[in-house]
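Following: one structure in structure tokens, then a few remarks.
Along the sequence shown, residues are numbered consecutively beginning with 1.
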Amino acid sequence: MARPKGENTLRKHFKLTEETAKLLAECSKAESMNESEYIRYLLLNQSEHLRSRKLELEIMRLRNEINKIGVNINQIVKNNNPHIYSEDDKIKILQLMNEIRLALIEFVEYPRINY
């Protein structure tokens, strides 16, 4: 990502953890950029950032899963209203609720970059 000489006139100094510095070095090397170029690239192309797209796709997947689980729960509740509720249905509700809990835990623990 070449830039005209003298275009960047300000210097910024900041601190990183060793882990974050290593991640920056690896990512910039993978993109064939030096670290400054990589940081500028990320700042100027935030909406195109790969991690953002992955996170958006994961959120969409999680929404779909929760929606499917909700539909199943609604079907069980509908069957309960005319008193056709069985022990198997109770077990299924518990399993579906556990799936929701696990999906939320997975979402909350989704790996993020530490800034």
Side-chain angles (χ1 to χ4, degrees):
M1 179 182 231
R3 66 187 191 294
K5 261 192 166 175
E7 181 180 310
N8 297 327
T9 57
L10 297 175
R11 286 185 179 262
K12 296 289 182 176
H13 300 277
F14 52 93
K15 296 179 181 181
L16 301 173
T17 64
E18 287 184 30
E19 181 181 325
T20 306
K22 183 179 177 183
L23 181 62
L24 176 59
E26 290 172 358
C27 291
S28 62
K29 185 176 180 180
E31 295 293 330
S32 302
M33 298 178 187
N34 67 39
E35 292 176 0
S36 294
E37 291 172 333
Y38 185 69
I39 290 171
R40 281 190 295 274
Y41 171 78
L42 291 177
L43 289 172
L44 297 173
N45 299 294
Q46 287 182 16
S47 63
E48 298 174 12
H49 189 259
L50 180 61
R51 190 171 286 267
S52 295
R53 278 187 256 137
K54 284 183 180 177
L55 182 58
E56 287 179 29
L57 290 173
E58 186 64 22
I59 289 171
M60 286 173 43
R61 187 194 67 77
L62 181 61
R63 282 183 185 160
N64 288 336
E65 284 296 316
I66 290 173
N67 185 49
K68 290 176 187 176
I69 292 168
V71 168
N72 288 340
I73 290 172
N74 285 339
Q75 289 173 349
I76 292 169
V77 170
K78 183 179 176 183
N79 288 335
N80 183 37
N81 289 337
H83 306 293
I84 309 174
Y85 197 81
S86 70
E87 195 62 34
D88 289 341
D89 290 332
K90 289 180 186 178
I91 292 169
K92 188 172 182 180
I93 285 178
L94 290 175
Q95 289 172 341
L96 293 171
M97 295 298 284
N98 193 43
E99 285 182 37
I100 290 173
R101 185 180 63 80
L102 293 174
L104 288 173
I105 288 171
E106 180 183 334
F107 175 72
V108 169
E109 294 176 353
Y110 186 79
R112 295 184 179 105
I113 295 176
N114 296 325
Y115 293 101

What distance separates [X] [atom1] from [Y] [atom2], expressed to the nearest 0.5 Å?
X: Ile69; Y: Asn74; atom1: CD1; atom2: CG; result: 12.0 Å
X: Arg11; Y: Ser36; atom1: CZ; atom2: OG; result: 8.0 Å
X: Leu62; Y: Leu57; atom1: CG; atom2: CG; result: 12.5 Å

So, using salt bridge (Lys or Arg N to Asp or Glu O under 4.0 Å) as the criterion, who are the partners of Arg61 when residues are at least two apart?
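With sequence neighbours excluded, Arg61 shows a salt bridge (Lys or Arg N to Asp or Glu O under 4.0 Å) to Glu58, Glu106, given in chain and number order.
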In chain order, what residues pass the side-chain contact (heavy atoms from CB on, under 4.5 Å) check against Lys92, with sequence neighbours excluded?
Ile76, Leu96
If you group Ile, Leu, Val, Met, Phe, Trp and Tyr by side-chain heavy-atom gaps below 4.5 Å, do [X] and [Y] land in one group?
X: Phe14; Y: Tyr38; result: yes
X: Met97; Y: Ile66; result: yes
X: Ile93; Y: Val71; result: no

Least distance between heavy atoms, Ala21 atom then Leu16 atom:
CA-CD1, 4.0 Å
Closest contact, heavy atoms only, Glu37 versus Met33
OE1-CA, 3.5 Å
Candidate list Glu26, Glu18, Glu19, test side-chain contact (heavy atoms from CB on, under 4.5 Å), partner Lys22, passing option:
Glu26
Show your reasoning for whether side-chain contact (heavy atoms from CB on, under 4.5 Å) applies to Asn98 and Leu94.
CA-CA 6 Å; Asn98 193 43; Leu94 290 175; over 6 Å; no
